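It should be emphasised that the depicted structure is a prediction, and the values quoted were computed from it without experimental measurement. Just so we're on the same page: letters track the sequence lines, and every chain starts at 1.
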Amino acid sequence: MALITYREALNQAMDEEMARDDRVYLMGEEVAEYNGAYKVSKGLLDKYGPIRVIDTPIAELGFTGLGVGSAIVGLRPIIEWMTMNFGILALDQIVNNAAKLRHMSGGQLKCPMVVRGPNGPAEYLSSQHSQALASYFAHIPGLKVVSPITPYDAKGLLKSAIRDDNPVIVLEAEMVYGHTGEVPDEEYLVPIGKADVKRSGSDVSFIAYGKPVLLALQAAAELEKQGISAEVVDLRSVRPIDEAAIYESVRKTNRAVVIDESWPIASIGSHVSHLIATNCFDDLDAPVEYVSCEDVPMPYNHALELAVQPSVEKIVKAAKKVLYL
Amino acid sequence: MALITYREALNQAMDEEMARDDRVYLMGEEVAEYNGAYKVSKGLLDKYGPIRVIDTPIAELGFTGLGVGSAIVGLRPIIEWMTMNFGILALDQIVNNAAKLRHMSGGQLKCPMVVRGPNGPAEYLSSQHSQALASYFAHIPGLKVVSPITPYDAKGLLKSAIRDDNPVIVLEAEMVYGHTGEVPDEEYLVPIGKADVKRSGSDVSFIAYGKPVLLALQAAAELEKQGISAEVVDLRSVRPIDEAAIYESVRKTNRAVVIDESWPIASIGSHVSHLIATNCFDDLDAPVEYVSCEDVPMPYNHALELAVQPSVEKIVKAAKKVLYL
Amino acid sequence: MSDKKLGVKKLAIKDYDPKFLEKLLYDMLLIRRFEEKAGAMYGLRKIGGFCHLYNGQEAVAIGSIGALDLSRDYVLTGYRDHGHALACGMHPNQIMAELYGKVTGSSKGKGGSMHIFDAEKHMMGGNGIVGAQIPIATGIAFASAYDFKLGKTKDMGVTLCYFGDGAIHQGAFHESLNLARIWNLPAVYIVENNHFGMGTAVSRVSAVSDFDVKAKGYNMPGITVNGMDVLEVYETLKSIVKEVRENGIPWLVDIKTYRYKGHSMSDPAKYRSKDEVDSFKNQDPIVQLKQKMLEAGVLSESGYQKMDDGIKELVQASVTFAEESPEPALESIYQDAYAE
Amino acid sequence: MSDKKLGVKKLAIKDYDPKFLEKLLYDMLLIRRFEEKAGAMYGLRKIGGFCHLYNGQEAVAIGSIGALDLSRDYVLTGYRDHGHALACGMHPNQIMAELYGKVTGSSKGKGGSMHIFDAEKHMMGGNGIVGAQIPIATGIAFASAYDFKLGKTKDMGVTLCYFGDGAIHQGAFHESLNLARIWNLPAVYIVENNHFGMGTAVSRVSAVSDFDVKAKGYNMPGITVNGMDVLEVYETLKSIVKEVRENGIPWLVDIKTYRYKGHSMSDPAKYRSKDEVDSFKNQDPIVQLKQKMLEAGVLSESGYQKMDDGIKELVQASVTFAEESPEPALESIYQDAYAE
Ligand SMILES: Cc1ncc(C[n+]2csc(CCOP(=O)(O)OP(=O)(O)O)c2C)c(N)n1
Ligand SMILES: Cc1ncc(C[n+]2csc(CCOP(=O)(O)OP(=O)(O)O)c2C)c(N)n1
Ligand SMILES: [Mg+2]
Ligand SMILES: [Mg+2]
């Protein structure tokens, strides 16, 4: 086991897959000479050269569609969006082509493509730069969507995504690029579509994905001091969703809090709450509590932006609510 | 009362508002000389001239952003997207500017703008042209989203949308442009954010918006023959959602079926199901049933595309399920 | 970049191998008859939805795709794609069956008229979003350049990307052409300029009348071509494709053509005069080539009749094939969304 | 379109009213000192997030906005917007307080550095999405043309739309310029060409080196301007704005400039040499104008010192104002999302 950062884990995943398959290439703004706006692609240009590690103009729709085209004739692009916010400009190529070309061609084509970049708010960036857009991608059949939050999951899921023959959106988090964690020395993969119980408990289930998983773990530690045992289920993939893992946890604890940094309406979080409510109807001792981003654009002021996002306090409060404490 | 088509109702709404306020203009592909791809703007060019009724190039991002700019300096654009599918190309201007400029400017600006066009599948159009994208718009704070399905609601809601000082997305339905219904001879408005009970009943609540409301009404008629009384709540607005109206109905029937032609994951339908399950926890005698579009891209073959969408049969089946019949 | 610099051959009809001319004529006529039949079947409600016919534009697809080596070159276009599919060598049966939504169709009935694909014949669609094929085509050209730069191929496959006069104002066009030029991706961007985007005349939505002027903005060669003359299209594209295959420098080609029918089956096309339509029908690419061949004595009326009869049989057979083909199974809605 | 055709005046320094020159110098120096202070406060962690400084580019905003009548003209730019905000006459206090996220900021602490607005002064932002301001600016120009065509105004307001050399490859640019030209919307599209988009040199991502060539693709006049010379910028834009106000024909202007600092506070700017940076600092727009004024005897060293001291006080006062201003109330997160 080696202790590496989330950033290094993503870098290793790309490095290993580029080494084993010359169909894999990396393209995006500042990914080559600048080593990535967040340094995730550090060293890859030196190692694989300018044919396979490519800086693009600021033209998200164009280079994302270019990735789609290269994928349907056999390449395996890794497209980096500097942040998911900018991917909205390229959404047509993801929703209407990457996700549908196989279907519209009656199964003739496949689109083995990875689109990755940071999702959700960082700090002091206001509305346009602080959006958690996972729900936009999870809504679309034809896509797969993963959201690793530990170095271990980041490396294992990105490698699986690169090897997958379908378009996979990899949601990273700027705030955790520097977080460290252990990863095996030998090669491993984390399967897409499998949740992971990051902490087991018996009184209440916290269901989350991405950054809020870390808040859920802190809230669980907080509650432990008060004698409350919370289980934390990290979905890791939001398309497909590992429903079995969710139900197993909720049927054990009979209480659930869903946490999502997205806006509430038509979100992954409210969908998960719906799944629990309909599939664990007789198991629930209390209504599911949903802690989401407040239903407003993100403000710049730091105190305000923190107030808008899910927090340990909000999760603890929700847990006590479902426990009628 | 006059009997007019849904198409005429939309046309009258634009006509009346353009007559009363010269800040209102209509812009889109084929809206002027061609009278609209679906003839919704018939006659408006002749009546208001080329300064206020404008044909655009095929440049959704450009002319939608143009609408945003004109709105923040006092005009009241009605932007027609030939279909919502094409609006994905313009989503950045809706999500990042129309919905956020007021907030980012600390309330200095407002963006009184209407974006309208058909949403959801028509017939024989395959995947790219048959998408129900309401959830994409409903997800975004800063927007309002309405989905009239009768001529009465279409006229009243579009007039309210044009007068609203916020960006309002008006989701129409190609399949109902020719449907007829009664509208008052005198002027009226339908408020944004108010649901409408399209049929009252006592055994089960059908919650829907847009085209599925019509299926729900047919299913209710079908069930009546079998002695089952279904209530049909037409949300009419999906942002904001009239939660009180939903709960009132469900607390009366204790059973709910939600119908949405969108894909299920992170959809308005699953959000409504979540709202019911968490807010009517003690009132529900059965888990909420959710009839959505199947989680696949839309096929071209007609039998297949019908099988993918919500249907009277599926709704009746769901109703019997929540009634344990 | 001028014709001369490009060095396009201007051959007399007799300098061509009659078999070659016959093939051009046959291929264009096949598209014409196929589209006429598709229109007729649509009228009989055997086909639904949007159906965009190619009548009048045949010389564009046949002349340009005729200049390709489809073992390594690629073709992409928009929703008006039946002609390109036939030009790539797809069988009428596959296409007609797709229009019927049958399981024997090229997309098993899932794509329909706007989404005709044949991965093996390098017909990569068929796209319903105006302009969306432009970045995709650029990506296929990228893949050709990628393998060439990695030393896996001796020279580059060339991708022909077709789009309409209406599509050129989409951002996707602008972003793609810049990408193609900064990396020298072997693509030829072909504006099928049929003078209208739906009911909108080019002059009402474009700041320029000849689109090849836009090429300069990307430091790219551009040229305008008469799309009613299949030989001009063929010779021009042959020269361009040869150049692009060697140096990878992409081209923007404005091919002037005309669509005889409405935009789609539902369009009465009231926005243009009968005189205008007739003026183009008088330069019909099929009639023109036929006349030249008759005059040069490399074709006889009876020979033409035989050809036409054979084509009509083939097209009629595609209808029979489509009508007798089974519907896809309902369970198939869950297939082809994901690769295993 | 050439300088000559445009008829830009080339005046000697002494032909200008000294008060006018002094104002140009003062306005540029105010931006310089404000940005230096903002950078310093960022270093002290009083300001967070992205902070894009304008040092080196002052002549662009001051020279061009100086040619406007802000009672009817408008300004929009990207996230590097402090300079344009000051040039529009916004008070340093409002801007510094916004950088601090205070309720006294121009956006009540909700927008921050990338989103400086003053609706009354016609500074319409401030946009964080590269290129997104281009369609919006086009829409403001549309509104000016709309009222003019409806006979509500005698002539048109002109909108200046600034964006970077990196933004020009966005589809939004292409779609907007075509719209502006087919309808003759009174907009001037200004590329603030500082030679880099983040760490990417223009030549690595652009097929052309001078962006004014792109103007031809939209049948639009274009021109290249030296952005280190505030008088050249001013005279050129004055002539252009006059023309545009009369005929509504939009322009594309490529203004060559340079940013002294990194792309944002977090960028060490390793991608360029000290020599290159120095070569531009040697043409510093403020130093240049100051020298010319000293030589022409319309400015004295002491006079300059006095000016600079006053500006430094003003900027320091904005810091004090920002630090003493209250934080916005937590409940305010629910405000300003919707208009009543
Ligand atoms: C992005 C997008 N916007 C609008 C449409 C609707 N639409 C389909 S075809 C068409 C006109 C296209 O004209 P042109 O590009 O000239 O191609 P042509 O039909 O003449 O071959 C339009 C507006 C679409 N399919 N996609
Ligand atoms: C659509 C989009 N893509 C990427 C980014 C990230 N980004 C911010 S500034 C920038 C570089 C822009 O360079 P340029 O247009 O030359 O402006 P400059 O910073 O030089 O003033 C990039 C890539 C963004 N904000 N928006
Ligand atoms: Mg056309
Ligand atoms: Mg720059």
- Honestly, the part of Ile140(C) sitting under 4.5 Å from a heavy atom of chain A is both
- Is it the side chain or the backbone of Ile182(C) that comes within 4.5 Å of chain A heavy atoms, both, or neither? side chain
- Please collect all salt bridge (Lys or Arg N to Asp or Glu O under 4.0 Å) contacts where either partner lies in residues 59-73 of chain A, sequence neighbours excluded, each pair once. none
- Message: If I measure from the heavy atoms of chain C, does Leu75(A) come under 4.5 Å with its side chain, its backbone, both, or neither?
- Response: side chain
- Query: According to the interplanar angle, ranging from 0 to 90°, do the rings of Trp81(A) and Phe137(A) count as parallel (below 30°), tilted (30 to 60°) or perpendicular (above 60°)?
  - Reply: tilted
- Item | Contact class of Tyr74(C) relative to chain A, heavy atoms under 4.5 angstrom | side chain
- Note on the structure: Pair count under 4.5 Å, heavy atoms only, with chain C: among Asp165(A), Val68(A), Ile51(A), highest is Ile51(A)
- Note on the structure: Answer key: most heavy-atom pairs under 4.5 Å with chain C among Pro167(A), Gly107(A), Gly142(A) is Gly142(A)
- Message: What part of Leu185(C) gets within 4.5 angstrom of chain A, counting heavy atoms only: side chain, backbone, both, or neither?
- Response: side chain
- Message: Report which part of Glu98(C) has an atom under 4.5 Å of a heavy atom belonging to chain A: side chain, backbone, both, or neither.
- Response: neither
- Do other residues, nucleotides or ligands put more than 12 heavy atoms under 6.0 Å from the NZ atom of Lys42(A)? no
- Query: Of all of Ala145(C), Ala119(C), Ala137(C), which one pairs up most often with chain A through heavy atoms under 4.5 Å apart?
  - Reply: Ala119(C)
- Should the ring pair Tyr25(A) and Phe142(C) be called parallel, tilted or perpendicular, given that the plane angle runs from 0 to 90° and is split at 30 and 60? tilted
- When the ring planes of His271(A) and His274(A) are compared, do they come out parallel, tilted or perpendicular, using 30° and 60° as the limits? tilted
- Message: Can you tell me how the ring of Phe34(C) sits relative to the ring of His82(C), calling it parallel under 30°, perpendicular over 60° and tilted otherwise?
- Response: perpendicular
- Message: Taking Leu26(A)'s backbone N and O only, do any of them form a donor-acceptor pair with Arg52(A)'s side chain (distance below 3.5 Å, no angle check)?
- Response: no
